[in-house]
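We count residues from 1, following the sequence as given.
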Amino acid sequence: MSRPLLDPATLSAIKDLSLVARTVIDGFMAGLNRSQVKGAGLEFSQYRSYQPGDDLRWLDWKMYARSDRYYIRESEMETSISVRILIDASNSMNHRDGPLSKMDYARCLAAALAYLAYMQGDAIGLYIFQDGQLFSLPSRKDPQHLSRIFYQLENIQAAGKFTEPVQYKQLFTGERRKELLIFITDMYQQQGEISGLLGSLAALQHELIVFHLMGKNELDLDFAGYTTLQDLETGKTVSINSAEMKKAYTEKLQQYLAATRMQLLEQQIFYRLISMDQPLDKALRDFLNQRQKSLT
């Protein structure tokens, strides 16, 4: 797989999100097609390998050109689902690691996921948690709707605190059939508001993925040249100018991450910690794997 094609720092320099999404997915699919071992859910679920006797009218020649393998396109009615992408756009998502902010990473990842879901024939919705409010685009599957999602993603500005629970009503008015919900967040919360939201969503018994974004500088407490850090949402400051502080921070961070992962797994929520220096391919593979579960 060509890592530069999936590198978020490179992609964030491209202003056209539709181009970002196509670039990511083309590179991602090329990597899958070169892979010698494919696990369940790693191929597009609306395709299957050609079998003798299959109707040749349903051969997908574009897939053949990319992979040098024959695929049959199956009915979208049998394989399409509703995918809702939820994005934390509170002020803490402005945290930067080098040239890249968490919001930049979330924007690229969400665009790639939306495009991949669209190529699957899925209906796609977008929900943005920002400044106490909730912006929503209910799930649809037409190309104009995908363009609207790209437009909204391009214009997200992280600001304020996380959405107030009174605004959640729009989240619970979706389709009755099983859906796949993808939540991109840094899990920064002051009073358990994100944990509470995830608990409510898990109770709906949809497939739920949490992509937990953290900067490598947060994970390593590597803020060279700085002795004090400021909370982006509360304004509180903390000194980091000591080896003892770094050791204590590392221990508490590992405890926090382990507890977060366990809490979500107990609620049947798929959890993936993503460092902002990582390419997007792991998250895309996670999406395809969890999407397959939504179809069974």
Side-chain angles (χ1 to χ4, degrees), residues 17 81-95 101-111 113-114 117 122-141 144-214 231-236 260 263-264 267-272 274 287 290 294:
L17 267 190
I81 62 172
S82 175
V83 176
R84 293 199 276 173
I85 301 173
L86 287 58
I87 299 180
D88 177 357
S90 59
N91 201 36
S92 62
M93 294 289 284
N94 281 317
H95 173 85
S101 73
K102 290 178 180 177
M103 196 70 258
D104 293 331
Y105 194 109
R107 186 181 289 113
C108 290
L109 176 56
L113 289 167
D122 297 335
I124 317 155
L126 178 66
Y127 297 78
I128 301 171
F129 299 78
Q130 177 190 56
D131 202 14
Q133 303 298 311
L134 177 63
F135 171 84
S136 64
L137 279 176
S139 297
R140 294 177 62 183
K141 62 170 60 177
Q144 292 80 14
H145 188 65
L146 180 64
S147 296
R148 286 191 287 270
I149 287 176
F150 286 151
Y151 175 81
Q152 293 299 331
L153 290 173
E154 287 173 352
N155 289 279
I156 294 178
Q157 298 295 325
K161 297 182 179 180
F162 196 75
T163 300
E164 298 291 337
V166 70
Q167 305 291 336
Y168 293 167
K169 182 179 179 181
Q170 299 171 71
L171 286 172
F172 302 104
T173 57
E175 301 180 24
R176 292 185 179 181
R177 65 173 181 166
K178 200 171 185 180
E179 296 180 299
L180 175 58
L181 279 60
I182 306 170
F183 188 32
I184 305 173
T185 176
D186 63 357
M187 290 298 292
Y188 179 85
Q189 52 188 334
Q190 298 181 45
Q191 297 180 335
E193 56 271 18
I194 293 179
S195 296
L197 169 63
L198 291 173
S200 297
L201 292 174
L204 299 177
Q205 298 186 332
H206 297 308
E207 291 296 329
L208 182 54
I209 302 174
V210 171
F211 291 130
H212 181 183
L213 302 186
M214 290 192 71
D231 189 306
L232 289 171
E233 294 191 12
T234 67
K236 294 180 179 178
T260 298
Q263 178 189 19
L264 297 184
Q267 298 177 82
Q268 305 300 308
I269 298 173
F270 181 90
Y271 171 82
R272 171 76 73 185
I274 299 178
F287 162 72
Q290 296 306 115
S294 297

| remark: Which of Ile209, Ile184, Thr163, Leu171 passes side-chain contact (heavy atoms from CB on, under 4.5 Å) with Leu86? It is Leu171

| Rounded to the nearest 0.5 Å, how far does CD1 of Ile128 lie from CG of Asp88? | 11.0 Å

| said: If we ignore hydrogens and angles and just use 3.5 Å, is the side chain of Gln130 paired with the main-chain N or O of Gln157 as donor and acceptor? | reply: yes

| request: Enter the distance from Ile182:CD1 to Arg272:CZ here, rounded to the nearest 0.5 Å. | output: 13.5 Å

| Any side-chain heavy-atom pair of Arg140 and Arg148 under 4.5 Å | yes

| task | Using atom types as modelled and distance alone, determine if a side-chain donor or acceptor of Asp186 lies under 3.5 Å from a backbone N or O of Met214. | result | no

| Ile149 side chain reached by Leu17 side chain, heavy atoms, under 4.5 Å | no

| note | Between the CZ atom in Arg84 and the CZ atom in Phe183, the distance rounded to the nearest 0.5 Å is 13.0 Å

| task | Find the distance between OH (Tyr188) and NZ (Lys102) and round it off to the nearest 0.5 Å. | result | 10.0 Å

| request: Look at the side chain of Glu179 and the backbone N and O of His206, then say whether any donor-acceptor pair between them is shorter than 3.5 Å. | output: no

| request: Quick one: pull up CD in Gln290 and CG in Leu180 and give me the separation to the nearest 0.5 Å. | output: 7.5 Å

| said: Are Leu198 and Tyr271 packed together at the side-chain level, in the sense that at least one heavy-atom pair is separated by less than 4.5 angstrom? | reply: no

| request: Using a 4.5 Å cut-off on heavy atoms from C-beta on, say whether the side chain of Met103 contacts that of Ile87. | output: yes

| message | Rounded to the nearest 0.5 Å, what separates atom NE2 in His212 from atom OG1 in Thr185? | response | 7.0 Å

| Would you call Leu134 and Phe129 a side-chain contact if the rule is heavy atoms closer than 4.5 Å? | yes

| query | Can you tell me if His145 uses its side chain to pair, donor with acceptor, with the backbone of Gly125 under 3.5 Å? | reply | no

